[in-house]
Chemist: 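Questions regarding the structure given below will be posed in turn.
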Amino acid sequence: MPQATINKEEDKRLIINAYRRLLKSMKSDMDDTDRKNIRMAYEIAVEAHSKQRRKSGEPYILHPIEVARICAVEIGLGPTAIIAALLHDVVEDTEVTLEEVTEKFGDRIGLIVDGLTKLDGMYNVESKQAENFKKVLRTLVEDVRVILIKMADRLHNMRTLGSMPRHKQLKIAAETDYIYSPLAHRLGLYNIKTEFQDLIMKIKEPETYQEIVSKLQDTEQERASYVKEFIKPITDALSEINYPYRITGRPKSIYSIWNKIKTKKIPFEEIYDLFAIRIILDVPIKKEKQICWVVYSIITDVHTPIPERLKDWITTPKSNGYESLHTTVVGPMGRFVEVQIRSQRMDEIAERGFAAHWKYKGVTTDTQADVYDNWLDSVREILENNDSDAIEFLSDFKTNLFNEEVYVYTPKGDMKILPKGATALDFAFSIHTDIGYHCSAIKINNKLVPMGYKLQNGDQVTITTNKNQKPSEAWLKMVVTGKARSKIRFAMKEVKRKQGEFGKEALERKLKNLKVSFEENVDTLVKFYGLKSRPDLYFDIATEEILVQDIKDHFSVEGNKLVLIPKEKEGIEVPEITEVKRGRKYEGTPRLMINGSSDEYQYSLASCCNPVQGDHVFGYLTANVGLKIHRTTCPNATNLMANYGYRIMKAEWVSSTKSSFVAELIITGVDDGPGVIERLSRSISSDLGLNIRSFFIEGHEGYFEGKINLLVTNKNQLNIAIRGLQNLDGISSVTRTEA
Ligand code: MN
């Protein structure tokens with residue numbers, strides 16, 4: 001690598017400065033052994049990575065040093081994690097072996113570094129990402145620091161994505177969106193989760209991101225003086241509580257503002273709660289709850305509260321450990337202001353999650369302190385069925401990272417927290433796997449309900465079991481939690497395996513008959529029939545879905561082996577680029593450069609997100625309909641990119657193209673009769689000079705919602721149209737659909 005020799009002195013200076021910064025960030029309560037080990041880990045890592053550079057050209061070692069610093073400062077981890085973070089990439093990328101690490105630093109650090117080392121190439125590309133993640137989680141249940149360091153690693157990579165090629169940025173952002181960000185939420189790492197969301201948005205929607213950043217800057221002054229005015233009347237009363245406190249008025253994250261603009265369909269200028277007031281009290285644990293409510297009462301004496309916006313996570317913390325008292329009040333000039341009241345301890349838990357939680361464990365008296373233990377138990381249970389397919393596993397695990405929750409009760413009055421949307425059958429599985437398996441009837445508040453009943457807050461759930469009851473395939477549709485899904489799937493596999501035994505015997509006989517070895521040929525057949533595993537093949541043979549006597553029609557016998565008779569490649573599904581018939585008739589063909597080439601690939605525009613020229617896009621190679629072009633913001637894209645990253649191709653518009661694109665707009669407004677439709681269509685065709693492909697409008701009680709498909713030549717023209725329509729009388733919002 002040519003840069004390696006550019007400036008050794010400069011490199012050295014950078015490395016030493018980074019290391020000093022790390023040391024400075026660590027707490028002073030380390031002993032000499034810790035210090036010595038950190039130094040040793042640093043030296044081993046510097047030496048091991050000495051020949052590597054990051055994409056940006058920097059020495060590679062700066063990455064592990066910074067990951068260690070994030071662990072110390074932003075997550076609050078101690079020396080063990082710092083050492084493991086410094087060493088997290090050595091086994092994977094350098095000559096250093098896991099044995100050496102264990103020998104020098106002990107079993108614990110060996111275990112953590114092992115958990116952070118990706119699996120080698122023995123897995124097929126399809127599920128590699130998922131397999132790696134599964135491995136991380138298996139170590140997670142042994143030592144949570146593995147996942148916390150992984151979070152720091154991902155955070156640093158996200159912060160420094162700038163020098164990566166665009167399609168890699170998108171893939172990494174999608175993975176972060178799919179799993180890391182929800183996991184950060186589940187672990188209570190709110191700051192990290194918020195930063196993930198902002199960074200993801202910065203990659204997917206760079207212009208909108210910058211627009212909000214600069215609007216926030218423009219309005220900073222005005223916001224500061226508003227906060228001042230809001231606080232002034234309450235400070236006197238607050239000083240009477242006799243405990244130190246801090247008040248902050250922080251703007252909400254770029255992502256959450258964007259989300260509000262999208263979901264509420266209002267412009268930036270009309271969002272009033274761009275910030276939240278936070279009051280952090282320095283009170284002893286025993287007084288926390290009481291003083292928080294005193295502060296609540298002081299604030300609501302001055303500013304009128306909106307009762308339905310009161311959220312008490314002090315009495316009942318969220319299942320990720322979050323504790324805080326939130327209320328929304330009417331501030332000066334009639335604006336809604338969110339106020340968060342919490343103790344210093346609660347604030348630390350809210351900001352740093354798990355690590356802070358650990359620190360206070362044992363200090364608090366209530367059982368709430370076990371929220372993480374409960375969660376880890378549930379992860380362990382999903383992991384127990386470790387033969388499940390990695391992508392299935394990842395999706396089961398993901399449902400375990402719920403954002404919102406529902407509180408229900410057992411007949412004895414014990415509270416259970418489940419993800420919002422969970423069903424009565426999920427509840428049965430959450431009590432015990434056997435209760436789930438044999439669940440035969442469910443009562444909610446003493447009334448019989450179907451097993452798929454969606455739980456509501458406050459429901460009291462009674463389960464009746466019957467030992468003859470068994471799970472069926474249909475149950476999978478009645479549950480949402482990872483635990484229930486993986487348990488039902490496991491039971492189904494057992495059933496399949498038993499039935500499959502007959503199929504296996506039949507196949508063994510047949511292959512013996514053909515005089516070929518069973519072991520050496522069975523996987524050839526699995527692949528030929530496009531199945532995932534041997535049990536699938538046995539099952540299909542047992543149910544006569546596949547007939548053993550047909551094998552000789554497809555294969556000839558050569559020596560000990562079955563050899564495919566070459567005709568058409570039937571049955572095997574290989575992702576390959578096929579000619580795609582264009583479904584729509586555009587005048588002219590949209591032109592894109594795919595992976596830098598303008599004529600090598602056939603492609604079509606995805607109909608879920610309807611990209612137009614100028615949108616940020618990428619190509620996705622589907623298994624059977626060729627290359628599809630999606631917008632980077634397409635909701636379908638995240639899942640595709642996170643799980644099938646290798647199918648992603650770079651796509652760029654060729655700027656001179658003259659083509660038409662379909663764009664779908666949702667328009668809402670006040671209904672004043674048939675005039676609306678006329679005004680809209682006149683504005684579109686006469687004023688904007690655009691063609692309408694379809695127009696659908698629906699009114700309800702003085703309000704209407706319309707869906708218009710327009711033909712535009714590029715994103716710019718579309719934006720002009722959106723602005724033009726927004727300015728019409730009686731129109732409240734115009735938004736482009738995402739999927
Ligand atoms: Mn790394």
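Note that ligands are numbered from 1 as they come in the structure, with each ligand's atoms numbered from 1 the same way. If you read the sequence from its start, that first residue is 1, and numbering goes on from there. The analysis underlying the following values was restricted to heavy atoms, covering all of them including side chains, and did not include hydrogens, waters or symmetry mates.
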Chemist: Among Leu189, Asp153, Ile70, which residue satisfies the side chain to side chain contact (heavy atoms under 4.5 Å, CB included) criterion with Leu148?
Modeler: Leu189

Chemist: Which atom, among the N/O/S set of Asp89, is closest to the Mn ion (ligand 1)?
Modeler: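 Nearest to the Mn ion (ligand 1) within Asp89's N, O and S set: OD2.
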
Chemist: Quick one: report the N, O or S atom of Asp153 that is nearest to the Mn ion (ligand 1).
Modeler: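 Nearest N/O/S atom: OD1.
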
Chemist: Which atom, counting only N, O or S, brings His63 closest to the Mn ion (ligand 1)?
Modeler: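 Result for His63 and the Mn ion (ligand 1): NE2.
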
Chemist: Under 3.5 Å, is there a donor-acceptor pair linking the side chains of Thr102 and Glu99?
Modeler: no

Chemist: Between Glu323 and Lys318, does any side-chain N to carboxylate O distance fall below 4.0 Å?
Modeler: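 Salt bridge: no.
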
Chemist: Using a strict 4.0 Å threshold on nitrogen-to-oxygen distance, state whether Arg13 and Glu9 make a salt bridge.
Modeler: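 Looking at Glu9 together with Arg13, the answer is no, because their closest N to O distance does not fall below 4.0 Å.
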
